[in-house]
Amino acid sequence: MEKWWFNSMLFNRKLEYRCELSKSMDSLGPIENTSLREDPKILTDIEKKIHRDLDYLEMEGFFSSDLNTVSKNDDDHYMYETQFSFNNNITSFIDSCIESFNLGDIDKYNDIYFYSYIFLKGRNCSESDNSSTSIITSTNDTNDSDSTIGESSNNLDESQKYKHLWLECENCYGLNYKKFFKSKMNICEYCGYHLKMGSSDRIELSIDSGTWNPMDEDMVSLDPIEFHSEEEPYKDRIDSYQRKTGLTEAVQTGTGQLNGIPVAIGIMDFQFMGGSMGSAVGEKITRLVEYATNQLLPLILVCASGGARMQEGSLSLIQMAKISSALYDYQKNKKLFYVSILTSPTTGGVTASFGMLGDIIIAEPNAYIAFAGKRVIEQTLNKAVPEGSQAAEYLFHKGLFDSIVPRNLLKGVLSELFQFHNFFSLTKNDKA
């Protein structure tokens, strides 16, 4: 098993222990300069968990030869000495935290410190024993602190080399393995937080395999007002995002089948200029609505946007009225069914137009939904915005939308909604 895998596992465990330490400290109450050693139960629980993890790693055989330089002539002795080394080092690490630990100082024990203490010291423990010394020294007998800093830097470089394999949750900071992250619908396996999802992944999630038919793929934004920018010209910025994301614009539109039910769907992509709505985005959505009106299809619009695109000025704002007008004909005149799905973030002109015009409005858990951002409101009104007042759960209780649906249940919920409104699966009709 590769060393990076073991590093990442212990890093995850460290995060869990830090959370547990914080919760345990909170339970102590506002006692100033209270040492953790005053509550031995905390240490006992943590040490038990660490030893249990190490026993698990030993049982599964995850101690590899490059984690320690002990001779492998005697396998049993090698395994025992390796476990003993890691037990001692992790216990010493926690002891060192306890000796100098005051309430609120937990963040000072960062990843570099943890890596250097556990892995670098663990790797050199046998060398230290053989040379009858307990400190890490360089071959030139340089200062201990310089040696530790250098080795910490090397270890950080090694961690960075495997950074592309993991994705950090923005809520709990747990590390999710990217290889399995997509199959888990970009939901954190530790706290269940819904992380951002690209439009292509959402199409794969919502639309039956082999039924997706994209519309207006070649439609791109120009520079209608010749927007001046000292940093990067607007056209060059569009080209940059097209290369980066593989998309032509901040929305994908098309038709497909959802559990056999024909639907028209538009999905915004926050990765493309923050999902901002320019002329091309507005035109693509308008054409999708008009196509759904003519073909009598149910409509889904998945919102993920920072609002109207400032590089196109008032032409971006016009898109709000244009899309709303098309939706009026779709809903009022044709009596068809439109579902709006609000994901994180949905703000600005998208919130103020088609985002809030759905017959049914669904939000994802923890989604950030607003018109103006928190900073803008506070600077304009000179008042503090309550924490969490722009989160989906708070807004749901205020009646802003109809339901909060987890991502893994969304397709089934949409299918039931469409059937309730007399849109049925083609396969079922064929069988009948």
Side-chain angles (χ1 to χ4, degrees), residues 181-187 194-221 241-272 275 277 280-305 323 326-327 330 336-343 346 350 354-355 358 360 362 364 405-419 421 423-431:
F181 194 56
K182 183 178 178 181
S183 64
K184 295 178 181 178
M185 305 179 187
N186 289 25
I187 300 174
H194 287 52
L195 280 78
K196 291 180 179 66
M197 195 175 201
S199 56
S200 297
D201 290 338
R202 287 192 181 276
I203 291 170
E204 189 175 330
L205 171 65
S206 304
I207 301 300
D208 299 343
S209 178
T211 65
W212 172 246
N213 297 305
M215 296 172 57
D216 303 307
E217 284 186 291
D218 299 328
M219 188 179 296
V220 297
S221 290
Y241 276 102
Q242 287 175 343
R243 291 191 298 270
K244 180 180 177 180
T245 64
L247 305 173
T248 56
E249 256 301 341
V251 67
Q252 290 195 66
T253 58
T255 60
Q257 294 182 15
L258 188 150
N259 287 341
I261 302 171
V263 296
I265 184 170
I267 302 178
M268 306 190 78
D269 199 314
F270 192 77
Q271 298 177 51
F272 195 104
M277 180 174 61
V281 171
E283 182 64 20
K284 290 183 71 169
I285 294 175
T286 301
R287 292 188 182 187
L288 177 71
V289 175
E290 291 175 344
Y291 181 84
T293 303
N294 295 331
Q295 299 298 318
L296 305 178
L297 294 174
L299 175 67
I300 304 170
L301 291 179
V302 181
C303 307
S305 175
I323 297 171
L327 283 171
Y330 176 86
L336 295 171
F337 184 58
Y338 161 45
V339 178
S340 173
I341 300 174
L342 310 180
T343 71
T346 298
V350 172
F354 62 89
I360 295 291
I362 295 173
E364 283 193 336
V405 180
R407 197 172 287 164
N408 54 338
L409 303 177
L410 183 59
K411 188 173 183 178
V413 169
L414 290 173
S415 179
E416 290 185 12
L417 282 172
F418 291 146
Q419 292 180 45
H421 287 82
F423 295 100
F424 297 104
S425 170
L426 290 177
T427 55
K428 289 183 178 179
N429 288 339
D430 289 342
K431 291 179 180 179

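Below, each value reflects all heavy atoms present in this structure, side chains not excepted, and no hydrogens, waters or symmetry copies.
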Is the closest side-chain heavy-atom distance between Y291 and T255 below 4.5 Å? yes

Residue pair I203, Q252: steps toward the side-chain contact (heavy atoms from CB on, under 4.5 Å) verdict: CA-CA 9 Å; I203 291 170; Q252 290 195 66; 3.7 Å; yes

Distance in Å, I285 CD1 paired with M277 CE, rounded so as to fall on 0.5 Å steps: 7.0 Å

For a quick check under 3.5 Å, do T286 and E290 share a side-chain donor-acceptor pair by atom type? no

Out of L299, L297, I207, which one pairs with V263 under the side chain to side chain contact (heavy atoms under 4.5 Å, CB included) rule? I207

Do L414 and V405 come close enough that some side-chain heavy atom pair is under 4.5 Å? no

Identified side chain to side chain contact (heavy atoms under 4.5 Å, CB included) counterpart of Y338 within the set L301, I360, I300: L301

So do the side chains of L258 and K411 get within less than 4.5 Å of each other, counting heavy atoms only? yes

Separation between CD (E416) and NE2 (H421), nearest 0.5 Å, reads 13.0 Å

OG on S206 to CG on N259, rounded to 0.5 Å: 10.0 Å

One pair to check against salt bridge (charged side-chain N to carboxylate O under 4.0 Å, His left out): D201 and K196. What are the steps and the verdict? CA-CA 10 Å; D201 290 338; K196 291 180 179 66; over 6 Å; no

If I take atom CE from residue M219 and atom OG1 from residue T248, how far apart are they, to the nearest 0.5 angstrom? 9.0 Å

Assess the residue pair M268 and V281 against the criterion (side-chain contact (heavy atoms from CB on, under 4.5 Å)); give the C-alpha distance rounded to whole Å, side-chain angles, the decisive distance to 0.1 Å, and a yes or no. CA-CA 9 Å; M268 306 190 78; V281 171; 4.1 Å; yes

Does any non-hydrogen side-chain atom of Q242 lie less than 4.5 Å from one of F272? yes

For a quick test of reading the model, state the closest non-hydrogen atom pair linking A292 to Y330 and the distance between them. CB-CE1, 3.8 Å

Any side-chain donor-acceptor pair under 3.5 Å between S221 and E249? yes

Could you tell me if the side chain of L336 sits less than 4.5 Å from the side chain of L296, heavy atoms only? yes

Any side-chain to backbone donor/acceptor pair from D216 onto K284? Under 3.5 Å, distance only. no

Within the 4.5 Å heavy-atom criterion, are I265 and R202 side-chain neighbours or not? no

For the residue pair L195 and F181, establish whether any side-chain heavy-atom pair is separated by less than 4.5 Å. yes

Nearest heavy-atom approach of I261 to S425 is CG1-N, 3.7 Å

For the student: nearest non-hydrogen atoms of A304 and T343, plus distance: CB-OG1, 3.2 Å

Checking Q419 against S415 for the side chain to side chain donor-acceptor pair (under 3.5 Å) test, could you report, in this order, the C-alpha distance in whole Å, the side-chain angles of both residues, the deciding distance, and whether it holds? CA-CA 6 Å; Q419 292 180 45; S415 179; 3.2 Å; yes

Kindly give the heavy-atom pair with the smallest separation between C303 and S340, and that separation in Å. SG-OG, 4.1 Å

Contact between L288 and V251 at the side-chain level, heavy atoms closer than 4.5 Å - yes or no? no

For F423 and F337, take the angle between the two ring planes, folded into 0 to 90°, and tell me which bin it lands in: parallel under 30, tilted 30 to 60, perpendicular over 60. parallel

